[in-house]
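Both backbone and side-chain heavy atoms feed into the values below; hydrogens, waters and symmetry mates do not. Numbers here are sequence positions counted from 1.
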Amino acid sequence: MMRVWIINFCLLFWGMSEIWAASENIVSPDVLACSTDGKTLWVGNRFSSELLKVDSRTLAVKKRIALNAPVTAITVMPDGSLWVSSDGVSGKLYKIDGRSMKVLGAFDTGYSPSSLLIDSSGKAVWATLRYNNEIRKYDCDKGSLICKISVGREPVGAVSFADGRRILVVNNMPEMSALAFPVAAKMDIIDTEKSKVIKRLLLPNGSTDVKSVTTDVTGEHAYVTHLLARYQLPTNQVDRGWMYTNALTIVDLKNEKVEATVLLDTPQKGAANPWQVMVSPDNKEICVALSGVHEVCRIDRAKLHDRLAQAKQGVAVTPSYNGWENVMNDAGMLYGIAQYQPVGGKGIRAIAMNGKTLYAAGYFSGDIHVAKGDVFDVQRKLGNNMLASAEGRGNMYFHDATLGFQGWQSCASCHPNDARADGLNWDLLNDGLGNPKNTKSLLLSHQTPPCMVTGIRANAEIAVRSGIKYILFAVTPPSVADDMDAYLRSLKPLPSPHLQNGRLSEKANKGKAIFDKDCLSCHSGPYFTDGKLYPVDWASGTEVGKKMDVPTLIEIWRTAPYLYDGRCATMKDMLKVHGPRIRVSEKEIEELEEYILSL
């Protein structure tokens, strides 16, 4: 009997050891860069917070080093060394020897450095800080801060132009009231000599979830990937991009203005969730990773600019052409000048190019794919992928537009950035027509029922299944929704950038006293909600007299605009509409704002 017990225990231990060993080698590549000699492919592995050195010919992993947090950007220097940024509230910049993979230096930056630029002098590095809403300049040798500049909401990318005298910063989210017009993300142009923003550019109405920016080889144009929402329409279909289209905006850097926006979609097929954009080394192609449909779009760059120049003159450049002012609505604009290459992996977020060889990383499939021509015909797994777990599969399904009709959108279109919000109002049909409401973050949605602004869905499980059916217009096996539930339940809130060393500031503590006295009766418990519905006296139109769900306040610092219709661009604006019943001063409003934004 003892022998049987020992054998069973050993088998159990062996099995668990295999699971542990497998989990330690999970790879989810989402950052790629080629070495200057073309022999190495640098890969950021988000799941394990690693930097991998991969042989570009065999795709074998040669070396790996663990960092403090996932890699967010890699810049390869002429001497083969690397500058690498890592994610998190304590983001870092690393200088790494490309040959030995030794860390030559590291210093703290800010909250979630999202892109890197080396100064034209080579002595300083610029980093966009996503959750500080800043771009900062650091001395490369000392790691000391030289300057910091406030930019738009959640900067995710930057490129330099005009011989380094200018930087274009692209920001992920709209920053205005959802009732404004237009509602769209903005870009900032920075004068590097004066260290200040000198101009702001607005993307087309409905532009949100900006992911990437690059320039052509000559620095004449920048290319920006983003979603283009048709949020003013009811959500009763998806055909021909009725709800969401997927776009590439071209910026004229010489004149510092938006030149045009074109759709990456075709009339019969969406190009959901465009991620990284890059221009080929020979300046001939614009390549875009289409993460939602697992493809790469390759556009003839010269033909695109020629076509836009003719379209601006009124020439019918495609069968679907309907005037220059409608170019950004024309899903046929890339007809005949773009190839759509299926990659074979799942979740193509990062691409890189060495000469004519194109590399694409499958974030969910944990692999690298290679195309030396018109087909991705080489594939290699870098390790185990995340799909062994329900959370991992749910993550993939949430971002997979091929589940839905024609690949126009995924769940992550309305809920980007790990199931958060897009900053827009949508007229869902679950509570009638003609009453649009602001998109809610799905963080803690399973833990804080009911769901939707008016509690029309009793819980998140019902909401997930309704979204698949009525927003994606999809029919999926029950396991898909079950896995999405697991993914959404696994989401964790990010610490607020308003905290000081992880604690409330003195100002926020004063605001907490006001909150505890006047707000805690409804916003109570660990999630700051009592889970009930109440009528409000500031509703308008068809919402007058309706009861509203008490939302969680966790991570509310990143969910602007506020209130059910997104009318308030800032928390301070919101508190003047739905704030304390007692009379408070302007200073006390600001203290209360600071506390709530710290949650």
Salt bridge Arg298-Asp374, side-chain N to carboxylate O under 4.0 Å: no
Which label fits Phe376 and His369: parallel for a plane angle under 30°, tilted from 30 to 60°, or perpendicular past 60°? perpendicular
Check whether more than 12 heavy atoms from other residues, nucleotides or ligands sit under 6.0 Å from atom CZ of Arg200, and answer yes or no. yes
Could you list the residues that satisfy side chain to side chain donor-acceptor pair (under 3.5 Å) with Trp408, not counting sequence neighbours? Gln406
In terms of side-chain heavy atoms, does Ser212 have a donor or acceptor partner in Thr225 at a distance below 3.5 Å? no
Test item: Trp426 and Pro436 side chains (from C-beta on) under 4.5 Å apart, heavy atoms: no
Donor-acceptor under 3.5 Å (Thr215 side chain, Gly219 main chain): no
Would you kindly say whether Asp400 and Ser410 are connected by a side-chain donor-acceptor distance under 3.5 Å? no
Looking at Lys469, I want to see if its NZ is surrounded by more than 12 non-hydrogen atoms of other residues, nucleotides or ligands under 6.0 Å. no
What residue pairs, at least two apart or across chains, pass salt bridge (charged side-chain N to carboxylate O under 4.0 Å, His left out) with a residue in residues 311-340? none
To the nearest 0.5 Å, how far apart are CD in Gln409 and CG in Asn273? 9.0 Å
How far does CD1 of Ile96 sit from CH2 of Trp42, to the nearest 0.5 angstrom? 8.0 Å
Do Thr72 and Ser85 get their side chains close enough for a donor-acceptor pair, meaning under 3.5 Å? yes
Is it true that atom NZ of Lys381 has more than 12 heavy atoms of other residues, nucleotides or ligands lying nearer than 6.0 Å? yes
Give me the one residue out of Leu248, Leu227, Ile348, Asp265 that meets side chain to side chain contact (heavy atoms under 4.5 Å, CB included) with Pro274. Leu227
Can Asp482 and Arg465 be said to form a salt bridge (Lys or Arg N to Asp or Glu O under 4.0 Å), step by step? CA-CA 9 Å; Asp482 293 341; Arg465 286 147 186 82; 2.8 Å; yes
So Asp422 and Ser413, do their side chains get closer than 4.5 Å, heavy atoms only? no
So how far is it from Ser115 OG to Leu129 CG, rounded to the nearest 0.5 Å? 9.5 Å
Which atom of Ile26 lies closest to which atom of Ser48, heavy atoms considered: O-OG, 3.1 Å
Just do the salt bridge (Lys or Arg N to Asp or Glu O under 4.0 Å) check on Lys254 and Glu259 with the steps written out, would you? CA-CA 11 Å; Lys254 181 179 179 180; Glu259 181 173 310; over 6 Å; no
Between Arg230 and Asn329, does the side-chain contact (heavy atoms from CB on, under 4.5 Å) criterion hold? Intermediate values first, please. CA-CA 10 Å; Arg230 313 296 170 160; Asn329 301 315; 2.4 Å; yes
Around atom OH of Tyr335, are there more than 12 heavy atoms of other residues, nucleotides or ligands at under 6.0 Å? no
For Asp209 and Tyr244, test the side chains for any donor-to-acceptor distance below 3.5 angstrom and give the result as yes or no. no
Hey, could you give me each pair passing ring-ring contact (aromatic ring centres under 6.0 Å, His included) that has a residue in residues 384-406? Not counting sequence neighbours. Phe364-His399, Phe398-Tyr487
How long is the straight-line distance from CD1 of Ile65 back to CG of Leu51, given to the nearest 0.5 Å? 5.0 Å
Using a strict 4.0 Å threshold on nitrogen-to-oxygen distance, state whether Arg130 and Asp87 make a salt bridge. no
Using modelled atom types and a 3.5 Å cut-off, is there a donor and acceptor pairing between side-chain atoms of Asn133 and backbone atoms of Glu154? yes
Can Thr559 and Arg420 be said to form a side chain to side chain donor-acceptor pair (under 3.5 Å), step by step? CA-CA 8 Å; Thr559 63; Arg420 269 55 175 197; over 6 Å; no
If you measure from CZ on Arg558 to OG on Ser441, what distance do you get to the nearest 0.5 Å? 7.0 Å
How many angstroms lie between OG1 in Thr261 and CG in Asn205, if you round to the nearest 0.5 Å? 11.5 Å
